[in-house]
Amino acid sequence: VGTTFLFTALFVPVVKKMANFIGALDMPNERKVHKVPIPRLGGLGIYAGFLLGYMLFGIHSVQMNAILIGSFIILVTGIFDDIKPVPAKWKLLAQTVGASIIPLYGGILLKDISAFGLYLNFGILAYPITIIFIVAIINCINLIDGLDGLSSGIASIYFLTIGIIAMLLNNSNGLDIILTFIMLGSTLGFLVHNFNPAKIFMGDSGSMFLGYIIAVIALLGFKNVTLTSFIIPILLLAIPILDTLFAILRRLINHKPLGEPDKNHLHHQLLKLKLSQKKTVIIIYIVDLLFASASIVYAVGNSMLGSNIYGMVIYAILFVLILLLILKTNIIWNHDKKKEKTKEETKEKNIYNNYIKTLNNNFKTTNNIPFDIEIYLDKISNTEVMYRAIIDNPKTSIKNIEVLIIHDKYTKDIYPSSGIFDEKYSLIPNTIEKSNNIVKGIILIGYIPYEGDLGNIDVEFKLYLKYTDDDSNVHEVMYSTKK
């Protein structure tokens with residue numbers, strides 16, 4: 001641990017200069033938290049520490065060859081992406097190729113799983129399931145990499161926890177444990193430069209490599225019985241895995257492409273609480289440490305405590321807290337959107353009510369108007385009635401007329417539906433004209449939600465009329481009628 005920590009901590013500044021020289025910079029934008037360009041390519045420093053650790057402490061084997069080849073493919077893909085973004089489909093292809101080497105050449109397979117007393121054997125499906133598992137963990141770590149020190153800190157907690165479990169179970173000689181301690185030192189060495197305020201980002205070269213090696217260690221640990229249940233590494237990665245699942249659900253619910261980035265990940269939710277980057281990352285560390293503690297208790301429970309029920313209880317408590325997080329934040333459903341909509345509806349309704357109040361104050365209520373008004377109702381569906389308000393046959397010469405009609409049957413809209421009602425709540429100019437003694441009247445059409453028989457309908461209409469006569473006198477009257 002100490003060797004890879006020291007080497008990586010000293011080598012990362014060199015990588016930073018390389019990133020600046022070749023232009024591998026993470027530019028700020030509206031979705032990202034940082035405000036100035038930050039060098040990427042930090043994964044190269046982590047990988048260098050990993051290689052040094054292997055050369056000093058590793059054991060040559062077919063499995064190790066597979067890990068080296070696969071990780072190199074992942075690293076190179078990430079480096080290209082850090083310099084110039086690689087299309088998602090090509091990154092996925094490279095991830096799949098790198099992941100396939102582990103079961104097909106290295107013989108490292110997820111053959112079965114056991115958790116909470118359940119057992120499942122995959123048989124021939126072990127090959128595709130192993131590949132899918134590795135690719136999934138790569139992308140989980142990649143997605144959680146959104147704040148200074150977040151991915152590297154979560155990875156460090158993972159490696160530390162696996163190491164503690166191995167020592168408690170007196171099983172510290174396997175390849176999984178050698179890799180675990182190599183990676184713990186390398187990741188912590190990088191975290192020195194990556195914790196807030198970050199001097200360098202790991203980029204996709206780092207997040208994809210970390211996800212890859214985390215998945216491989218999980219597979220090796222289960223194979224070597226370091227991990228008594230495959231559920232342990234899964235729950236150790238609860239934060240990145242749940243964050244990824246929430247992102248998928250969120251985008252499906254909102255009909256967004258799965259690959260479209262947003263600002264509703266776990267760390268974004270905490271930032272919305274006005275927490276600083278540093279506090280947000282520390283809170284996520286603490287939650288991750290709680291999952292790590294539960295995993296340790298669950299892993300060693302049978303041998304040291306007589307039962308792993310204690311770990312299961314801690315897991316249950318943590319998932320209740322996760323459920324509360326889902327209900328109280330926008331990590332899946334946009335609660336703010338509902339609040340904003342309600343607020344906007346209230347605002348609109350107040351504007352409407354004030355407008356109608358002004359009309360009632362300014363317009364004189366009367367049935368003595370110089371033209372005919374007829375309202376007709378037609379049932380057009382089981383749930384809706386159409387009304388037609390016809391204003392015609394003027395009894396005096398009228399230059400122009402403005403009309404607004406409302407009714408007292410509220411719809412799902414924030415104000416009663418109106419056949420003549422514009423966005424600014426203003427009366428609409430219309431004109432009654434005579435041509436060859438034929439009256440051209442005004443017809444206002446609107447709809448009323450109504451499910452009963454048309455003969456039983458009881459609705460009040462109010463027509464606000466503003467007209468100008470030949471003497472240029474302006475009249476403002478309100479005509480009311482019931483149907």
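Positions are given from 1 along the sequence.
- In this structure, the side chains of Leu110 and Phe122 come closer than 4.5 Å at one or more pairs of heavy atoms.
- Looking only at side-chain heavy atoms (C-beta outward), Ile284 and Ile154 come within less than 4.5 Å of each other.
- Separation of atoms CZ (Phe181) and CG (Leu160) is listed at 8.0 Å; rounding is to 0.5 Å.
- In this structure, the side chain of Thr8 does not engage the main chain of Phe190 through any donor-acceptor pair within 3.5 Å.
- Put simply, the side chain of Leu188 does not reach to within 4.5 Å of the side chain of Thr4, judged on heavy atoms.
- In this structure, CD1 in Ile282 is found 10.5 Å from CG in Leu275, a value given to the nearest 0.5 Å.
- His267 and His265 have parallel rings, their planes meeting at less than 30° on a 0 to 90° scale where 60° marks the start of perpendicular.
- Aromatic ring pairs are classed by plane angle as parallel below 30°, tilted from 30° to 60° and perpendicular above 60°; the pair Phe72 and Tyr47 is tilted.
- Atoms CG and CG, from Leu41 and Leu75 in turn, are 8.0 Å apart once rounded to the nearest 0.5 Å.
- Counting only heavy atoms from C-beta outward, the side chains of Tyr315 and Ser295 approach each other to under 4.5 Å.
- Annotation: side chain of Leu236 is in contact with side chain of Ile162 (closest heavy-atom distance under 4.5 Å).
- Here the CG atom belonging to Asn194 is positioned 9.5 Å from the NZ atom belonging to Lys199, to the nearest 0.5 angstrom.
- Atom CD1 of Ile380 has more than 12 heavy atoms from other residues, nucleotides or ligands within 6.0 Å.
- From Leu51, atom CG reaches atom CG of Leu56 across 11.0 Å, with rounding to the nearest 0.5 Å.
- By the 4.5 Å heavy-atom criterion applied to side chains, Leu271 and Leu147 are counted as neighbours.
- If you take CD1 on Ile217 and CD1 on Ile137, they are separated by 12.0 Å, rounding to the nearest 0.5 Å.
- Side-chain contact between Phe195 and Val281: present, with at least one pair of heavy atoms (C-beta onward) separated by less than 4.5 Å.
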